[in-house]
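Below is one structure; the comments refer to it alone.
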Number of protein chains: 2
Amino acid sequence: MVARAAAGAAAEPGSDLGPEPVPGPGPGSPAGVSPIGAAPALHVRVSDDLKRRLRAGEWQPGERLPTEAELSAQYQVSRATVRTSMKLLQAQGLTQTRHGSGSYATPFGDAIRAGLQELRSVTATIAEQGHEPGMAYRSATFRTADDDEAQRLGVPPGSRVLALERAILSDGQVVAFSYDWIPADVLPDGFVPEDLGGSTFAFLDRGGDTRPLHAVAELHSVRSSQIGWDDARPADGLYLLLDQVHFASQGRAVMHSRIYFIEGRFQFMILRTR
Amino acid sequence: MVARAAAGAAAEPGSDLGPEPVPGPGPGSPAGVSPIGAAPALHVRVSDDLKRRLRAGEWQPGERLPTEAELSAQYQVSRATVRTSMKLLQAQGLTQTRHGSGSYATPFGDAIRAGLQELRSVTATIAEQGHEPGMAYRSATFRTADDDEAQRLGVPPGSRVLALERAILSDGQVVAFSYDWIPADVLPDGFVPEDLGGSTFAFLDRGGDTRPLHAVAELHSVRSSQIGWDDARPADGLYLLLDQVHFASQGRAVMHSRIYFIEGRFQFMILRTR
DNA sequence: GAGTGGTCTAGACCACCCT
DNA sequence: GGGTGGTCTAGACCACTCA
């Protein structure tokens with residue numbers, strides 16, 4: 001059985017050539033230098049390059065992309081890898097694929113972006129939408145987690161947690177009130193609240209093994225006069241609540257957030273696909 | 001080159017054996033008969049069976065599932081197929097996978113399911129959560145689209161649209177009020193409202209080129225006494241509004257829906273990843 | 001260092017679209 | 001009927017985890 005001796009072996013380990021179509025269209029491109037660390041997976045590089053070409057307008061909305069076989073030849077990768085890349089594009093709503101016909105650039109394109117399914121900090125989302133994010137801390141105190149809170153975070157009842165209360169701003173206007181709880185053992189030794197800086201997300205990222213990878217979010221409609229503070233509160237007391245627990249590797253819960261978005265001040269978009 | 005003569009060829013076409021672990025746990029199960037039409041893909045059957053076993057409690061939350069190699073042997077499929085199945089489970093938040101360690105049943109479990117990012121009909125979501133979906137039409141009438149409506153659907157102002165008003169039920173209880181608009185030219189010749197049947201989604205699916213592939217959804221918190229009808233309305237008038245336009249192939253808008261979910265009666269979950 | 005998931009390849013056949 | 005995407009297999013090597 002089994003022919004093919006020298007098969008297997010993915011892309012040569014040393015191949016640090018950035019994403020680029022091999023015999024492709026333009027002449028030798030400047031090759032986007034990969035910063036440090038491990039190179040992204042092949043299918044990610046291919047996908048990134050296809051994104052670049054889409055942005056560059058190589059295929060207009062509705063236009064058909066090259067066939068999988070053609071892309072496979074262009075990038076010198078297997079068709080399976082091309083297919084994985086195409087899946088990424090589809091998931092981001094950049095292309096549509098029709099069985100027996102081909103893959104097409106979607107008419108939407110840039111419009112999307114603020115998708116809820118992608119785990120990003122609120123401030124990052126605001127920035128990406130072209131606004132100036134801001135943050136106003138109201139308090140940052142250590143407390144003892146009550147039973148309910150401990151359960152959400154998967155820590156023993158009575159554990160210490162850092163409780164935060166913040167207002168999230170966009171172009172100087174309050175768009176949300178955020179209540180966060182972070183288990184004390186997630187924080188580094190000698191931590192003081194000042195270390196948090198602007199984004200808790202960025203802070204957890206720096207921790208290495210506390211980097212949030214997933215969040216399980218629940219959505220609710222809430223009306224209350226008890227949420228928020230000062231005159232930033234909306235008159236009607238109407239909020240969209242994003243109640244989420246963030247998980248790092250190992251399935252470790254690193255933060256529980258309840259973000260009350262003031263209805264009408266923040267755009268919530270979701271691209272739904274199947 | 002190329003050994004293996006009788007390779008390739010997926011599962012024997014005739015194999016209508018429902019999803020079941022081959023040498024697996026329980027003794028020969030009654031094999032859920034697949035109704036009509038094409039059998040689901042192998043990886044879907046495997047995935048469905050794993051879901052069944054998860055529901056049955058074969059692996060408790062946090063517990064490790066068998067390795068990919070083991071599952072590959074159990075189901076007599078390639079590891080690649082097992083991996084595709086696992087991806088489905090992950091996307092639905094039922095399992096988490098840790099590189100070098102294994103796949104684990106999530107601590108969330110059943111709660112999830114209603115993942116917003118997956119485009120499914122509300123009735124399908126209800127059914128998948130183990131409840132009995134229902135639908136009560138209040139009206140189905142042809143109207144002239146106003147400018148705003150026409151723009152959302154990408155049809156000329158003044159076009160005819162079918163306007164629907166429905167209540168969505170779960171186990172006999174109203175969980176949402178739905179207002180839908182479908183361009184008349186999406187409907188087949190000789191259409192009468194009775195053709196709609198239970199799910200508009202299923203109806204559009206039958207149309208071939210009207211099958212919804214994407215939806216761009218917006219979320220809002222709404223409080224109003226004008227939504228809904230009869231005594232099914234909640235006292236506080238609080239709703240979570242899912243305002244979405246469905247697109248079929250070619251980027252054609254085929255339906256605009258505003259679904260007002262009664263706060264507290266429907267679980268909205270999103271698995272956010274990066 | 002053994003075990004487990006992550007990535008990638010080459011090849012095969014099927015289902016669907018279009019001309 | 002030819003072309004295109006959809007599914008599946010077998011095999012290989014790599015990266016990570018954990019005892």
Side-chain angles (χ1 to χ4, degrees), chain A residues 1-15 37-47 64-73 75-90 95-104 208-209 211 213 248-252 274, chain B residues 1-15 37-47 64-73 75-90 95-104 208-209 211 213 249-250:
Chain A
M1 322 283 155
V2 192
R4 288 190 295 98
E12 319 76 71
S15 106
L42 233 195
H43 68 263
V44 174
R45 293 198 304 247
V46 170
S47 166
R64 210 191 75 171
L65 274 65
T67 68
E68 296 181 347
E70 279 167 7
L71 292 173
S72 168
Y75 288 101
Q76 292 288 298
V77 300
S78 73
R79 195 184 142 216
T81 298
V82 168
R83 283 183 59 72
T84 310
S85 306
M86 296 303 294
K87 287 277 177 62
L88 286 180
L89 296 181
Q90 291 167 36
T95 60
Q96 293 183 353
T97 297
R98 291 180 232 150
H99 192 175
S101 172
S103 285
Y104 299 78
D209 62 345
R211 181 167 192 264
L213 296 176
S249 64
Q250 319 279 5
R252 177 157 76 136
R274 70 168 178 180
Chain B
M1 316 286 144
V2 192
R4 291 191 293 100
E12 317 76 71
S15 105
L42 232 197
H43 68 263
V44 174
R45 294 198 303 245
V46 170
S47 165
R64 212 192 71 172
L65 273 66
T67 68
E68 295 181 347
E70 280 168 7
L71 291 174
S72 168
Y75 288 101
Q76 291 287 297
V77 301
S78 74
R79 194 183 140 215
T81 298
V82 168
R83 282 182 60 72
T84 310
S85 305
M86 295 304 292
K87 285 278 177 59
L88 287 179
L89 296 181
Q90 290 165 37
T95 60
Q96 289 184 352
T97 297
R98 292 180 228 154
H99 192 175
S101 172
S103 284
Y104 299 78
D209 62 347
R211 180 167 195 264
L213 296 176
S249 64
Q250 317 279 6

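Given the structure is predicted, the values throughout are model-derived calculations rather than measurements. Naming: A, B, ... by sequence-line order, numbering from 1 per chain.
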Taking [atom1] from [X] and [atom2] from [N], how many angstroms apart are they, rounded to a whole number?
| X | N | atom1 | atom2 | result |
| --- | --- | --- | --- | --- |
| A:Q96 | D:dG5 | CD | P | 14 Å |
| B:R83 | D:dA10 | CZ | P | 16 Å |
| B:E68 | C:dT7 | CD | C1' | 11 Å |
| A:L71 | D:dG5 | CG | C1' | 12 Å |
| B:M86 | C:dG5 | CE | C1' | 10 Å |
| A:Y104 | D:dG5 | OH | C1' | 11 Å |
| B:H43 | D:dG6 | NE2 | C1' | 9 Å |
| B:L42 | D:dC8 | CG | P | 5 Å |

Grab the two heavy atoms, one from [X] and one from [Y], that are nearest each other, plus how far apart they are.
| X | Y | value |
| --- | --- | --- |
| A:Q76 | A:A73 | NE2-O, 3.0 Å |
| B:H43 | B:S85 | O-OG, 2.8 Å |
| A:Y104 | A:S101 | OH-OG, 2.5 Å |

**Asked** Using a cut-off of 4.0 Å on non-hydrogen atoms, how would the nucleic acid contact of B:A80 be classed: base, sugar-phosphate, or nothing?
**Response**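 B:A80: base contact, heavy atoms under 4.0 Å.
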Below 4.0 Å: OP1/OP2 of [N] and any side-chain N or O of [X]:
| X | N | value |
| --- | --- | --- |
| A:T81 | C:dT9 | yes |
| B:R98 | D:dT17 | no |
| A:S78 | C:dT9 | yes |

**Prompt:** Stacking here means centres under 5.5 Å and planes under 30°; does B:H99 stack on C:dG6?
**Reply:**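 No, the aromatic ring of B:H99 does not stack with the base.
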**Prompt:** Going from OG1 on B:T67 to CZ on B:R79, what distance comes out if it is rounded to the nearest 0.5 angstrom?
**Reply:**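 Going from OG1 on B:T67 over to CZ on B:R79, the span is 9.0 Å.
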**Residues which pass side-chain contact (heavy atoms from CB on, under 4.5 Å) with B:Q90, listed by chain and number, not counting sequence neighbours** =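 Expected list: B:M86, B:K87, B:T95, B:T97.
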**Prompt:** On a plain distance test, is the side chain of B:R79 in donor-acceptor contact with the base of D:dG11 below 3.5 Å?
**Reply:**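 Counting by modelled atom types and ignoring angles, no donor-acceptor contact under 3.5 Å is found here.
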**Message:** Closest-nucleotide mapping onto DNA chain C: is B:S103 or A:S101 further toward the 5' terminus? I mean the 5' end.
**Reply:**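 First, find each residue's nearest nucleotide; the 5'-ward one identifies B:S103.
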